Amino acid sequence: MSSDSYDHKRIESKWQARWKSRRAGEVDLRNSRDAYYMLVMFPYPSGDRLHVGHGRNYIMGDALYRYLRMRGRRPLNPMGWDSFGLPAENAAIERQVHPYDWTLGNIAAMKEQFLRWGILYDWSRELSSCTPEYYRWNQWLFVKMLEKELAYKREAPVNWCPSCQTVLANEQVVEGRCERCRTEVVQKTLSQWFLRITDFAERLLDNLDGLDGWPERVKVMQRNWIGRSEGAELDFELPDHGETLTVFTTRPDTVHGATFMVLAPEHPLVPRLIADSPDRSEIEGWVEKVRNTPRIQRETEERDKEGRDTGAFAVNPATGDRIPIWLADYVLPDYGTGSIMAVPAHDGRDLEFARQRGLAVRLVYHPEDEAVDAATMTEPVLHRGVIRNAPPFDGQHDGPDTVARFIDWIEEQGWGRRKVTYRLRDWLISRQRYWGTPIPVVYCDGCGIVPVPESELPVTLPYDVEFTGRRGNPLERHEGFLAAVCSKCGGAARRETDTMDTFVDSSWYFLRYLSARDDERIFDSKLAAEWCPVDQYIGGIEHAILHLLYARFVTLVLREFGLIEFEEPFTNLFNQGMITRFSEESGRIEKMSKSRGNTISPDRLIDEMGADTERVYTLFLGPPDEEVEWNQEAVSGAYRFLNRVWRAAEKLAEAPPTGPADDELERLRHVAIERVTRDMEKFKFNTVVAALMELMNALGKALEERTASRLTCEQTFDTLLMLLHPFAPHLTEELWEARGHPENLLESQWPSYDEAKLQASRVTIVVQIDGKLRDRLDVAVEAAESEVVDAVMASPKVEQHLEGREVAKTILVPGRLINLVTRPSA
RNA sequence: GCGAAAGUGGCGGAAUGGCAGACGCGCUAGACUUAGGAUCUAGUCCCGCAAGGGGUGGGGGUUCGAGUCCCCCCUUUCGCACCA
């Protein structure tokens, strides 16, 4: 860049060194007056080179932080590292680097990056989830939950690579094959640990209504995920087996149309039902195949419904008919009861299956306007119709009311009961991997599963393990780790080798920041009461469901434990949009990422134009909550703006203007304060930058033309520096200091504006005739209505357009416009 | 299929129901320069010489007045998706 540009390198390193040495972001939590807890989602130190797209939420967070400080708050803005995770273990396997060392190196690099961006955090409470000081409290939490039966162990399927002999995460399964060795992945059943989030389904759902500070779309996604369905459980007798088959349905009012039953192949009753079937071995083979199909494949692929006839029968309680029992893979084992009554006439999936197998179709609802024949229909009747063939309800119409009365009636008949079902499933936290929090239990031959007592926590992860990428979890081959003592009987025991899902780490970290160095307890309840819930959380939309739901769940659990009193962890949530860029590889606009080769390195950008330029441009390039495209050429606009600010300072010092007091510049100063303050509160950073550019343009003009007074220009410039500080902290601090102010900008008071000064003394009134713009008039702001009307009537343009017409009505919006509504002259 | 959000210049995008296109990029012309990828000035929605007319995905409506509110349609993006 040109030597005419300001020396951003010198300025930025100077201020970064000062902030570091003065630990500028630290907060004394004991003084909680005006407590404001803001939180930017802690990052996973992945080892990828950071690019400008990563900076967006941290830069936004820092702008907000600096703004809040200048508004007189003492915001807490901590940062830490979500440092357990799969990439570390992959790096260990591929590059023979220990995950711990690899992670530590990445953290150091990222921390350096935050410094270079000029971002202030309270590093005195930095935490890293892969340290025993942190994960010991994951273990503590787990043991507590085990005590309260909120944690339990059961069989559950996992993705299994037969060649690597290891469990795969969903993201390691690519097109049904192992990401590393391309072997076809199968489903395998292992005994695994779960947390009972389903106990809280209703609270998690109901509380969403009170989260006014959350984006609607996140709440919608969580509602869908929890998936509440109201309906009934119905009992179907199996007379030949002396059993009762219970199904869940949201449409119990269609029970008369249930012409067959379908069970998930995994349903526990299946072996008994097929025991006498001539096709028994074939069916067993098929069930086994379905069982081994990875769940992702079964759920995501568009495929024909596969099924088998068990040869067994159930009795429809409403009709008394014997109806066949089928197995099909479109019925899922872990939703509802894992079995359904099939009503092909009123359900698309059931109809499709019935048509393929030639099963009976029986209509309950008949559309009034069109004749539908059960024997030939190809589309289910889903809309409202008249009920027939359902005796006490004959002639009625469908609707929530009818369904509710139908359920009452069903209960009277003793066929079933009202029931609410959730789609949400318990949280599977077991991971058959090394790099995570060890689950603190031991297996004792005599005592069974025994939790590790609190006094023996943490169960630390051994450092000396071998990474081969084959044959499962390295912890299983570490004798020193495996050998344990049962705390109940004192006998030899074997330690659990599963580690926890990393979402456990992030589900409560916001509480740990408050007590980051406390080795007596998970966190201090008193501090939590004063600082929580988090006032403002900033993070990407990718966490809309899992992380944010788990954090809400754990908050409810901690409340049950009596450690906190609030139910919801995050009062306000802001989702920043991603930064995208055109990718040469795909020819499309995509999220920035290393693999797509469309990244921009912040290092080079900072070298060339400075961190302040990157910050200003990042916040200027579009609405903060929307996805925006990085335009490398447009960055120079931000750079030019900052250079203009620099030159304005030079001009002000070297050749101050000597004009008269300039009311208009003073007015624009107040307008800028008002606009910037209002938009900061709404996170509209892009329009804040625009407002600052406008103020700079006005000031630049005054300085150039030497029209304003020195005092007005200096006041305007100081205001500009204050308003710009959250965006360009280095440059503004430097110029503020050069202007001779003793306090740093960061410690200064945000400027206030005078309502009375926002109004110009003369305003342009827009003159409309019948809603169309015809003229503009310059009038004094305090002009009376009659004066304005007189002035309008005197306008030649108005006269011209009023020819042959007369004014029927006049609408005057003071200070803005006048609209003359006309009609033909009499 | 269900649910949600959004469609504005060459581009990113502004606009408490009140001058559409702020601000920035790009572009055009000029000034200063040995030079310009620096800086400054002016211009830049479309048609038209002008007066004027048209214009915020399409169609309707409410209103003195609609990018903004309501209804229908189209398109795009996102989320969920065999959830009984």
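For clarity, every value in this text was computed on a predicted model and none was experimentally measured. Hydrogens, waters and symmetry mates are skipped; everything else that's a heavy atom, side chains included, is used. In what follows, chains are A, B, ... by sequence order, proteins preceding strands, each numbered from 1.
For the atom pair OG1 of A:Thr246 and CZ of A:Arg417, the computed distance is 6.0 Å after rounding to the nearest 0.5 Å. To the nearest 0.5 Å, atoms CG (A:Leu817) and CD (A:Gln768) are separated by 5.0 Å. Atom CG of A:Leu363 is separated from atom OG1 of A:Thr254 by 11.0 Å, given to the nearest 0.5 angstrom.
Taking only side-chain atoms of A:Tyr330, from C-beta outward, the nucleotide of B:A84, B:C82, B:G3 with the closest atom is B:C82. Which of B:C80, B:C40, B:A22 sits closest to the side chain of A:Ala690 comes down to B:A22.
Counting to the nearest Å, the P atom of B:G65 and the CZ atom of A:Arg774 are 14 Å from each other. When rounded to the nearest whole Å, the span between CD of A:Glu629 and P of B:G13 equals 8 Å.
A distance of about 24 Å separates the P atoms of B:A35 and B:A42, rounded to the whole Å. Between the P atoms of B:C69 and B:A5, the separation comes to 12 Å (whole Å). The C1' atoms of B:C46 and B:C64 are separated by 28 Å, rounded to the nearest whole Å. Nucleotides B:U8 and B:U68 have their P atoms positioned 13 Å apart, rounded to a whole Å. Between the C1' atoms of B:A4 and B:G53, the separation comes to 40 Å (whole Å). When the P atom is compared between B:G21 and B:U75, the two are found 32 Å apart, to the nearest whole Å. Here, B:G30 and B:C23 have their C1' atoms 24 Å apart, quoted to the whole Å. Comparing B:G57 with B:U76, their C1' atoms are spaced 11 Å from each other, to the whole Å.
For the residue pair A:Tyr335 / A:Ser229, a side-chain donor-acceptor distance below 3.5 Å is found, with atom types taken as modelled. Side-chain contact check for A:Asp235 and A:Thr244: no donor-acceptor pair (N or O, by modelled atom type) lies under 3.5 Å. No donor-acceptor contact under 3.5 angstrom links the side chains of A:Thr259 and A:Arg362, judged on distance only. Side-chain contact check for A:Asp612 and A:Tyr617: no donor-acceptor pair (N or O, by modelled atom type) lies under 3.5 Å.
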Distances under 3.5 Å only, N/O to N/O: pair up the protein atoms with those of nucleotides 29-33 of chain B.
none

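Between A:His256 and A:Phe406, the ring-plane angle classifies as perpendicular under the 30° and 60° cut-offs.
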Notebook entry, point to check: Between A:Glu306 and A:Trp286, is a side-chain hydrogen bond (donor to acceptor under 3.5 Å, both in side chains) present by the stated rule, with each step listed?
Noted result: CA-CA 10 Å; A:Glu306 282 193 43; A:Trp286 175 75; 2.9 Å; yes
Margin query: The test is side-chain hydrogen bond (donor to acceptor under 3.5 Å, both in side chains); show your working for A:Gln222 and A:Arg552 and say whether it passes.
Written below: CA-CA 11 Å; A:Gln222 292 214 353; A:Arg552 294 181 61 221; 2.7 Å; yes
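Pairing for B:U68 is absent, with no Watson-Crick or G-U wobble pair whose two atom distances lie under 3.5 Å. Look at B:U63: it lacks any Watson-Crick or wobble partner with both distances under 3.5 angstrom. In this entry B:U56 has no Watson-Crick or G-U wobble partner, no candidate having both defining distances under 3.5 Å. The pairing partner recorded for B:A29 is B:U41, the criterion being a Watson-Crick or G-U wobble arrangement whose two distances lie under 3.5 angstrom.
A:Arg640 has a side-chain polar atom (N or O) that falls below the 4.0 Å cut-off from OP1 or OP2 of B:A38. An OP1 or OP2 oxygen of B:A15 is reached within less than 4.0 angstrom by a side-chain nitrogen or oxygen of A:Lys684. Considering only side-chain N and O atoms, A:Arg816 lies nowhere under 4.0 angstrom from the phosphate OP1 or OP2 of B:G17. Residue A:Asn819 places none of its side-chain N or O atoms closer than 4.0 Å to OP1 or OP2 of B:U63.
Backbone-only engagement by A:Asn686 is indicated by non-hydrogen atom pairs under 4.0 Å involving sugar-phosphate atoms exclusively. Here A:Arg823 lies out of heavy-atom contact (under 4.0 Å) with every strand. Looking at heavy-atom distances under 4.0 Å, A:Glu694 makes contact with sugar-phosphate atoms alone, never a base. Nucleic acid contact class of A:Asn697 (heavy atoms, under 4.0 Å, all strands): sugar-phosphate only. Within 4.0 Å of A:Val821, counting heavy atoms only, lie sugar-phosphate atoms of the nucleic acid but no base atom. Heavy atoms of A:Asp347 sit nowhere under 4.0 angstrom from any nucleic acid atom. Note on A:Leu817: a base of the nucleic acid sits closer than 4.0 angstrom, heavy atoms only.
Shown here, B:G48 is classed anti by the O4'-C1'-N9-C4 or O4'-C1'-N1-C2 angle, which is more than 90° from 0.
Each of A:Ile811 and A:Met341 lies near RNA chain B, and the nucleotide nearest A:Ile811 is the one positioned closer to the 5' end.
Under a cut-off of 6.0 angstrom, the local environment of CD in A:Glu785 is sparse, with at most 12 non-hydrogen atoms contributed by other residues, nucleotides or ligands. Within a 6.0 Å radius of NZ in A:Lys682, other residues, nucleotides and ligands contribute more than 12 heavy atoms.
One can find a donor-acceptor pair under 3.5 Å joining the base of B:C82 and the side-chain atoms of A:Lys305.
Remark: A:Met221, A:Ser229 in residues 221-235 of chain A come within less than 4.0 Å of RNA chain B through at least one heavy atom.
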